[in-house]
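Okay, so here's the structure we're looking at.
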Amino acid sequence: MNIASVEEAKKDKAYHKALTELLYQLADDDFIIAFRGSEWLGLAPHIEEDVAFSSINQDTMGHAAMFYRLLEDLGEGDMDALAHARNAKDRVNAVVLELVNGPGNYLKEPKYDWAFAVVRHFFYTQAKKLKMESLKNSTYEPLKHVAIKVNMELYYHLLHWRTWFTQLCQANGDAKSRMMAAVDKVLADFGGVLSLGPDAALISQFGLMEGEEMLRQRFIQTMTDIFEKVDFPPFENKLGMKNGDGRKGEHTKDLEDAILTLGEVYNSNPAAVW
Amino acid sequence: MTDNIKLKRVWEQLQSVKDPEIDSVSVVELGMVEDIILDERNVTINMLPTFMGCPALDIIKKNIEKEIGNLAIFEHIEVVFIYEPPWTSDRISEEGREKLKEFGIAPPPKLDKDGEWHVDCPYCGSTYTTIDNIFGPTACRSILYCKGCKNPFEAMKPISTMM
């Protein structure tokens, strides 16, 4: 099967529903993790990291914009509104991506945890890489083309986070124990990233993307290899959804606060062209 | 005016649309122009974005509309960003590579068979360089340092479907 256009995708209601559901997941995931990343601006451990991290966030926001654009093309509404004006309960991002970076905020005493940032971004980028590899064979052609493009850029993101992860896991001092704690915290909610939500079966049946079990297996295999390499205790499959299933619209207060902040400028005049 | 002449004029005019962040290099030399489609008195220009998060894309689009508008031969001008084929750094022309160097940016290196790459200094040509940061001031650039002439410099990242 190959669906080349919006019109074709709309012919089959079930296909259209599964496709939009998947696109919302991809868009909302990238959008909120890019926002959390951008809150680190000026606070990263050193200046070169500030440059690199903000570049990655800008790029990731660009990926979110592409997925929102595909939704706009499918008649879901204006892409800026999709990004800024939807309530928390309508969003389907994985909960682990919305959690605050740490206590405080970027204006007042940010006590952000770099170990949490490295683990969250590394795990997320790795999972996203696996998804893009699979989406390169998607039955929806416009999505396939975007995935090929995203995948090339992701190469650099993954290289970056894998380097941080490897080095901190092998460092002395409190680095190792902090990384272990961050791994536990991220894994407790990381099941959400690897979930394709209530329409998971349809998404794989229609060949939009491979099934979530395949995605989980590949993720576990990749992490098992890396944990072994950095001399960490063996990777345990503790993938959970401790703080809720974001794919079903379950979210924390962290997301509501984030939407208020990130929508401030947009909501001041939704009709403005920036 | 025949279609061939129109096409020629459009390609020539696109030479004057520069990358807003590297103003010595045109979008043609960067390999961003995929296709120019004429239809009666209308023209559609299909463009390939370099990086998707690049904030310069909107500016490039507006500049193309303005420049092609100046030709005064079309009623309607449409600039569309497409993703197939994906832009790769080997699309940059030889002229483009030379002009990047003049701007102080090393052109994107070619990947060897293992996917490894190395960048020579755009100022002195020395091969004795180190990477300071794979990420630079814009999405498509990296920051390097030349131990030969002791200058910091930038390089365009290699982007390939092999990655």
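A, B, ... follow the sequence lines: proteins, then strands. Residue 1 opens every chain. Treat the numbers as computed from the prediction; the structure is a model and nothing was measured.
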Rounded to the nearest 0.5 Å, the NE2 atom of A/His145 sits from the CD1 atom of B/Ile82 at a distance of 9.5 Å
Under a 4.5 Å heavy-atom cut-off, does chain B meet the side chain of A/Leu159, its backbone, both or neither?
-> side chain
Got a sec: does the CZ of A/Arg69 have more than 12 other heavy atoms crowding it under 6.0 Å?
-> no
Residue pair B/Pro86 / A/Lys149: nearest heavy atoms and the distance that separates them | CB-CD, 4.3 Å
Classify the angle between the aromatic ring planes of A/His157 and B/Phe135 as parallel (below 30°), tilted (30 to 60°) or perpendicular (above 60°).
-> tilted
If you count heavy-atom pairs under 4.5 Å between each of B/Leu57, B/Thr161, B/Asn133 and chain A, which one has the most?
-> B/Asn133
Side chain, backbone, both or neither of B/Thr50 within contact of chain A (heavy atoms, under 4.5 Å) = backbone
Under 4.5 Å from a heavy atom of chain A, the part of B/Ser160 involved = backbone
From B/Met52 atom CE to A/Met152 atom CE, the distance as rounded to the nearest 0.5 Å | 9.0 Å
How about B/Tyr128: does its OH atom have over 12 heavy atoms from other parts shown lying under 6.0 Å from it?
-> no
Interface moiety of A/Lys136 toward chain B, non-hydrogen atoms closer than 4.5 Å | neither
Selection residues 1-10 of chain B - residue pairs positive for side chain to side chain donor-acceptor pair (under 3.5 Å), sequence neighbours left out | B/Lys8-B/Glu12
Where at least one partner belongs to residues 62-90 of chain B, residue pairs that pass ring-ring contact (aromatic ring centres under 6.0 Å, His included), sequence neighbours excluded = none
Output all residues satisfying side-chain hydrogen bond (donor to acceptor under 3.5 Å, both in side chains) with A/Glu8, sequence neighbours left out; order by chain, then residue number.
-> none
Could you give the distance from CD1 (B/Ile159) to OH (A/Tyr156), rounded to the nearest 0.5 Å?
-> 5.0 Å
Expected contact set for residues 55-68 of chain A against chain B at heavy-atom separation under 4.5 Å reads A/Ser55, A/Ile56, A/Gln58, A/Asp59, A/Gly62, A/His63, A/Met66
